Amino acid sequence: MRVMLEEIEKYALDNRVPIMMKDGIDYLCNFIKDNNVKKILEIGSAIGYSAIKMALVDDEIKITTIEKDRERYDVAVLNIEKFNLEDRIEIIFGDALDTEINGEYDLIFIDASKGNNINFFNKYSKNLKKNGIIITDNLLFHGLVRDESLIKTKNQRGIVRKIKQFIEFLDNNDCFETEYLDIGDGIAISRRK
């Protein structure tokens, strides 16, 4: 199993597919285990890496994950099948902003287009169980959020601006309280007040 995970990690590196950093995914998996999380909604499947890692925490975990990029979706489907997790990971091809999801989740994990974090948060918080948690990845964006002098492109500047707007949105949210962790590429853990 470890070899198959390493193959996914290598594919991500070779094909410039963003997956969670090792300490970030380890933290997320430990969080799932420690908090007895069983039902997860993931916004942004990429190639299925984080969904697979989360599903491997416990045989009772069920995940719904959404991916809009056809090529990444197809690779994710194959990766999920390699691990025989099709019965526990439902992957939906589509734009998360246009996808309607029913049901409630213990955890909503946002790891998709950084410019839409606020939209994802607002849209899917209705699917969160009463004591559920929303975790968002990439709030440091490779250090660029903290040190804007490292920004090299207009696109990076736009993403950093959107992430800062999202952090401000979380800080001023009347319904959720958020804790920020310098793990991986920066993680936000939002709990209902």
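Just so it is clear, the structure is predicted and the values come from calculations on it, not from any experiment.
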Picking from L144, T136, V145, what satisfies side chain to side chain contact (heavy atoms under 4.5 Å, CB included) with I163? V145
Output yes when a side-chain donor or acceptor of E67 lies under 3.5 Å from a complementary backbone atom of A46, and no otherwise. yes
Measure the spacing between CG of L140 and NE2 of H142 and express it to the nearest 0.5 Å. 10.0 Å
For residues 117-139, which residue pairs pass the salt bridge (Lys or Arg N to Asp or Glu O under 4.0 Å) check, not counting sequence neighbours? E100-K123, D106-K129
With F93 via ring pair (Phe, Tyr, Trp, His ring centres under 6.0 Å) - residues at least two apart: Y73
Shared hydrophobic cluster, I8 / V75 (ILVMFWY, side-chain heavy atoms < 4.5 Å): yes
To the nearest 0.5 Å, what is the distance between CG (L5) and CG (L56)? 6.5 Å
Is the number of heavy atoms from other residues, nucleotides or ligands under 6.0 Å of E81 CD greater than 12? yes
Value rounded to 0.5 Å, distance of CG in L41 from CD in E104: 12.0 Å
Please report the interatomic distance CD1(I133) to CD1(I32), rounded to the nearest 0.5 Å. 10.5 Å
Kindly assign one of parallel, tilted or perpendicular to the pair F169 and F166, based on the angle between their ring planes and the thresholds 30° and 60°. parallel
Taking all atoms of both residues into account, what is the closest heavy-atom pair of G143 and L150, and its distance? O-CD1, 4.1 Å
Identify whether the distance between the nearest side-chain nitrogen and carboxylate oxygen of D58 and K38 falls below 4.0 Å. yes
Is the Y105 to Y124 ring centre distance short of 6.0 Å? no
For N173 and F121 the tightest heavy-atom approach is ND2-CE2, 3.8 Å
Between CD1 on residue I66 and CD on residue E90, distance to nearest 0.5 Å: 9.0 Å
What are the two closest heavy atoms between V57 and C29, and how far apart are they? CG2-CB, 3.6 Å
Begin from the C-alpha positions of N79 and Y11 and carry the test side chain to side chain contact (heavy atoms under 4.5 Å, CB included) through to its verdict. CA-CA 11 Å; N79 286 334; Y11 177 93; 5.9 Å; no
Are the charged groups of K164 and E168 less than 4.0 angstrom apart, N to O? no
Student check: side-chain heavy atoms of L13 and E9 closer than 4.5 Å: no
Using modelled atom types and a 3.5 Å cut-off, is there a donor and acceptor pairing between side-chain atoms of N35 and backbone atoms of F31? yes
Derivation of the salt bridge (charged side-chain N to carboxylate O under 4.0 Å, His left out) call for K10 and E6: CA-CA 6 Å; K10 183 177 181 339; E6 285 171 359; over 6 Å; no
Pairs flagged by salt bridge (Lys or Arg N to Asp or Glu O under 4.0 Å) wherever residues 19-28 is involved - sequence neighbours left out: K22-D26
Under a single-linkage definition using a 4.5 Å side-chain heavy-atom cutoff for Ile, Leu, Val, Met, Phe, Trp and Tyr, are I25 and F141 assigned to the same hydrophobic cluster? no
Intermediate values then yes/no, salt bridge (charged side-chain N to carboxylate O under 4.0 Å, His left out), E179 and R191: CA-CA 9 Å; E179 172 187 6; R191 296 177 169 86; 3.6 Å; yes
Could you state whether I110 and M20 fall into the same hydrophobic cluster, counting links through intermediate Ile, Leu, Val, Met, Phe, Trp or Tyr residues with side-chain heavy atoms under 4.5 angstrom apart? no
Tell me whether E71 at atom CD has more than 12 heavy atoms from other residues, nucleotides or ligands lying less than 6.0 Å away. no
Which heavy-atom pair separates S113 from F120 by the least distance, and what is that distance? O-CE1, 3.6 Å
Side chains of K53 and I19 in contact at under 4.5 Å (non-hydrogen atoms): no
Partner of S45 under side-chain hydrogen bond (donor to acceptor under 3.5 Å, both in side chains), chosen from D111, T65, T64: T65
Hydrophobic cluster membership, with links at side-chain heavy-atom distances under 4.5 Å among I/L/V/M/F/W/Y: are V37 and I189 in one? yes
Any idea which heavy atoms bring S190 and L170 closest together, and the distance? OG-CD2, 3.8 Å
Do F176 and I118 share a hydrophobic cluster (ILVMFWY, side-chain heavy atoms under 4.5 Å, transitive)? yes
Work out which heavy atom in N127 is nearest to a heavy atom in I101; give both atom names and the distance. ND2-O, 2.9 Å
Salt bridge between K114 and D185, side-chain N to carboxylate O under 4.0 Å? no
Of I63, I61, I80, the residue whose pairing with L85 passes side chain to side chain contact (heavy atoms under 4.5 Å, CB included): I80
To the nearest 0.5 Å, what is the distance between CG (L28) and CD1 (I40)? 7.0 Å
I'd like to know if the side chain of R88 reaches the main chain of A55, judged simply by a donor and an acceptor atom lying under 3.5 Å from each other, with no hydrogens or angles considered. yes
